[in-house]
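Written out below as structure tokens is the structure these notes cover.
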Amino acid sequence: MAVLDALGTPFLVLPADDSVRVDKVGGLAAYRMVDAFMLSPDHVLALAYGRTDGQTYRLTLNRGGAQQGFEITAAEPTDDLTLNVAVNEQGIGVEVLANGELAVFSAKQASSGNSKLVCNTGLTQEHRVFALPAGLHYSYGREVVRISMRA
């Protein structure tokens, strides 16, 4: 995934099967990108600085209609400077939040905001999450632990 600025108009360059897709994101002109993660072909999380206030924002970008490109659907101030998120092959994602909570969500329904927060996980931003074919994991130093949840 990449962000392209073409004469002041920002675009997202995203993988799409065996090609790439270039989508306009007019709202990104007000931000300077720091980090981004593609949850699904239609949903992207990003961290960016506001060009006017210098504040760091967590942005949620969702793809509109076929000709509309992406739009920013949420912009929340944050102190984070990196995203700590992973999505497995089944579309289940996890994100370690700055306060130690673990957000579990479906990347296929990322725009609905339908996520579950797990408190008191003991995880910090040093616990980096990642996906393998065997599931979602986190690492801390030399230790790798599989993340498992039961209903």
Side-chain angles (χ1 to χ4, degrees), residues 1-16 19-88 91-132 136-145 147 149:
M1 184 183 128
V3 178
L4 168 72
D5 187 321
L7 299 173
T9 302
F11 292 86
L12 286 179
V13 181
L14 303 166
S19 63
V20 295
R21 189 176 78 212
V22 179
D23 284 312
K24 183 178 177 181
V25 192
L28 276 183
Y31 299 94
R32 185 168 182 89
M33 295 294 289
V34 175
D35 196 5
F37 186 87
M38 185 177 91
L39 296 173
S40 73
D42 296 327
H43 310 289
V44 173
L45 286 180
L47 291 176
Y49 294 115
R51 290 191 186 267
T52 56
D53 62 5
Q55 170 68 44
T56 306
Y57 290 91
R58 176 191 164 92
L59 306 174
T60 303
L61 302 131
N62 291 307
R63 190 165 188 263
Q67 299 299 323
Q68 294 178 8
F70 276 79
E71 59 185 32
I72 298 173
T73 57
E76 304 163 358
T78 184
D79 293 330
D80 294 335
L81 294 178
T82 60
L83 292 170
N84 193 359
V85 61
V87 177
N88 69 12
I92 303 300
V94 295
E95 180 179 12
V96 178
L97 303 175
N99 59 5
E101 292 179 326
L102 185 69
V104 181
F105 58 90
S106 170
K108 296 175 183 173
Q109 300 172 347
S111 64
S112 66
N114 191 10
S115 65
K116 176 179 176 142
L117 288 178
V118 180
C119 301
N120 302 322
T121 62
L123 297 176
T124 66
Q125 288 295 319
E126 286 88 30
H127 294 91
R128 303 303 301 174
V129 295
F130 59 95
L132 292 175
L136 294 163
H137 298 74
Y138 69 83
S139 66
Y140 185 71
R142 293 182 176 216
E143 186 177 343
V144 174
V145 179
I147 298 170
M149 291 192 59

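None of the values given here were measured: they were computed from a predicted structure.
In terms of heavy atoms, Leu97 sits closest to Leu117 at CD1-CD2, 3.7 Å. Nearest heavy-atom pair across Leu28 and Ile72 is N-CD1, 4.0 Å. Residues Val34 and Leu81 share a closest heavy-atom pair of CG1-O, 3.5 Å. Of all heavy-atom pairs spanning Ala48 and Leu59, the tightest one is CB-CD1, 3.9 Å. Taking each heavy atom of Ala131 and Ala86 in turn, the nearest pair found is N-CB, 3.9 Å.
Counting heavy atoms from C-beta outward, Phe70 and Val44 have side chains that approach closer than 4.5 Å. Between Leu45 and Leu39, some side-chain heavy-atom pair lies under the 4.5 Å cut-off. Counting heavy atoms from C-beta on, the side chains of Leu61 and Glu71 never come closer than 4.5 Å.
Across Asn84, Ile147, Val85, Leu123, a single residue satisfies side chain to side chain contact (heavy atoms under 4.5 Å, CB included) together with Val94, and that is Ile147.
Of the possible polar contacts, none joining the Asn88 side chain to the Gly93 backbone as a donor-acceptor pair under 3.5 Å is found. Side-chain atoms of Thr73 come within 3.5 Å of backbone atoms of Thr60 as a donor-acceptor pair (strictly under, hydrogens ignored). Proximity of a side-chain donor or acceptor of Arg32 to a complementary backbone N or O of Arg51 within less than 3.5 Å is not detected. Under the 3.5 Å distance criterion, the side-chain polar atoms of Asp53 are matched with a main-chain donor or acceptor of Gln55.
With respect to Arg58 and Glu95, a salt bridge is recorded, a charged nitrogen being found less than 4.0 Å from a carboxylate O.
The aromatic ring centroids of Tyr31 and Tyr57 lie less than 6.0 Å from each other.
Shown here are the salt bridge (charged side-chain N to carboxylate O under 4.0 Å, His left out) partners of Arg128, two or more places apart in sequence or in another chain: there are none. Every side chain to side chain contact (heavy atoms under 4.5 Å, CB included) that Tyr140 has, sequence neighbours left out, goes to Glu126, His127.
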